[in-house]
Number of protein chains: 2
Amino acid sequence: MRFMAAKRRQTAQQEHASDVATYVAAGGEESVQRVITAVYAVTKKLDQWYVRQFADLDLTQGEWAVLAALARAGDTCLTPSQLADLSNVAPSSMTHRLDKMAGRGLLQRRPDTTNRTRTLVSLTTEGWALFSAAVRESNVVESDTLRGLSSSERHELARLLEIVIDGLDDVDA
Amino acid sequence: MRFMAAKRRQTAQQEHASDVATYVAAGGEESVQRVITAVYAVTKKLDQWYVRQFADLDLTQGEWAVLAALARAGDTCLTPSQLADLSNVAPSSMTHRLDKMAGRGLLQRRPDTTNRTRTLVSLTTEGWALFSAAVRESNVVESDTLRGLSSSERHELARLLEIVIDGLDDVDA
DNA sequence: AACACGAACTTCGATATCGAAAGACTATCA
DNA sequence: TGATAGTCTTTCGATATCGAAGTTCGTGTT
């Protein structure tokens, strides 16, 4: 029976504790925070993995994403926008990345004659050589990063992450 | 029966296609690439979600991570290293982040008298007020980011991500 | 007690990323 | 045809992050 409890003024400390409790309860603590923390940790560690993998080839993860995307595209050229989408970066970041890679002679840009707002990006011979070197000599095998997961677990992980992405897309709209 | 096939020189284009096939096959394409792409996409979209959530409070995701960690710690002070680990950033980045937040009066640093290599960080009254405002008025509920996932799916997602983290830790060693 | 080793934090320089806006072009619609 | 809206790319300035080196301090060993 706490008759006067509601009327008694809380101390600042009690209010703080109450707000923390509210936050922790709403956040779920035992699942939401775990997921968010883990997602950030995985990307950070993936970045570090890429740095190690490509240290001797003098490639960053972002540059490898471009190289692999262009290699997969084969003789089909890609535009900077497409590469930006595939790499999950802003278009302006892709411009800088392509500048660097073109400076090294790994790829070339040429205007699209059918639509002159577009630029077509393709690998040079040197770019293909670097891709091949990565695949053959350096044995770049991204599946190493997911060892510990069975095939079905990988699919499940991808499925759950894509649900999260869809949910975050909806919030945008 | 391709007697001479092995001897015939491949064209450069054929070699490229072969390397791409090797890479795609080794990468798994249908699970590994999906997972990696999705992980990067989720963090990117989470970043954007945080930007929107905290736009009116003039907070970044990293600053919120610090604020929430200190709030959760209550009257226990945390060190810059601990905050860096919790936030998944390099210690030098945390220094800069704490500088900014201290400049705004959100937190304070004081030397640990028992171990003078350490610094103790704690929220100021103003820092607590901002945390409370975020929780109450701005209704910061991170679980919104995971809507679409059932409780059991969240736990499963966390479990799978943590397996990946462990796998990446082992590679480090 | 002296010394070496390691930890915690910071400073510094380099760099990648972003958003906003400009510039060039296309497409649509009156 | 002409105007307007929208797309694609780039430039620009601001900023957060990183790694390496430096400083101060604690700890363990000889």
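Here is the naming used below: chain letters follow the sequence lines, and residue numbers restart at 1 for every chain.
- What separates CG of A:D58 from C1' of C:dT15 is a distance of 13 Å, to the nearest Å.
- Per the geometry, CG belonging to A:L83 stands 14 Å off P belonging to D:dC8, to the nearest Å.
- A salt bridge does not link A:E126 with A:R104: every distance from a Lys NZ or Arg NE/NH1/NH2 to an Asp or Glu carboxylate oxygen is 4.0 Å or more.
- Centroid-to-centroid, the aromatic rings of B:F131 and B:W64 come within less than 6.0 Å.
- Atom NZ of B:K45 and atom P of C:dC18 are 12 Å apart (whole Å).
- Counting heavy atoms from C-beta outward, B:Y50 and A:I36 have side chains that approach closer than 4.5 Å.
- The CD-P distance, from A:E63 to C:dA16, rounds to 7 Å in whole Å.
- The side chain of B:R109 places an N or O atom within less than 4.0 Å of a non-bridging phosphate oxygen (OP1 or OP2) of C:dT10.
- Looking only at side-chain heavy atoms (C-beta outward), A:L107 and A:V66 come within less than 4.5 Å of each other.
- A 4.5 Å side-chain heavy-atom check between A:D99 and A:R109 finds at least one atom pair inside the cut-off.
- Side-chain atoms of B:E153 and B:L146, non-hydrogen and from C-beta on, never get closer than 4.5 Å to each other.
- No engagement by B:T60 is indicated, since no non-hydrogen atom pair under 4.0 Å with the nucleic acid exists.
- By the 4.5 Å heavy-atom criterion applied to side chains, B:T145 and A:V164 are not counted as neighbours.
- Counting to the nearest Å, the P atom of C:dG6 and the CZ atom of B:R118 are 18 Å from each other.
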Kindly give the atom pairs (protein nitrogen or oxygen, nucleotide nitrogen or oxygen) under 3.5 Å for nucleotides 23-26 of chain D.
unit_1 : atom_1 : unit_2 : atom_2 : d
D:dG26 : OP1    : B:R116 : N      : 3.3

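- Atom CG in B:D47 sits about 18 Å away from atom P in D:dT15, given to the nearest Å.
- By the criterion of side-chain heavy atoms lying less than 4.5 angstrom apart, applied directly or through intervening Ile, Leu, Val, Met, Phe, Trp or Tyr residues, B:L120 is not grouped with B:L83; the two fall into different hydrophobic clusters.
- An OP1 or OP2 oxygen of C:dC18 is reached within less than 4.0 angstrom by a side-chain nitrogen or oxygen of B:K44.
- Within residues 85-103 of chain A, the residues that have a heavy atom under 4.0 Å from DNA chain C are, in order of number, A:V89, A:A90, A:S92, A:S93, A:H96, A:R97, A:K100.
- The two atoms that bring B:L161 and A:L157 nearest to each other are CD2-CD1, 4.0 Å, heavy atoms only.
- The distance from atom OH of B:Y50 to atom P of D:dA16 is 18 Å, rounded to the nearest whole Å.
- Rounding to whole angstrom units, CZ of residue B:R52 and P of C:dG19 are separated by 11 Å.
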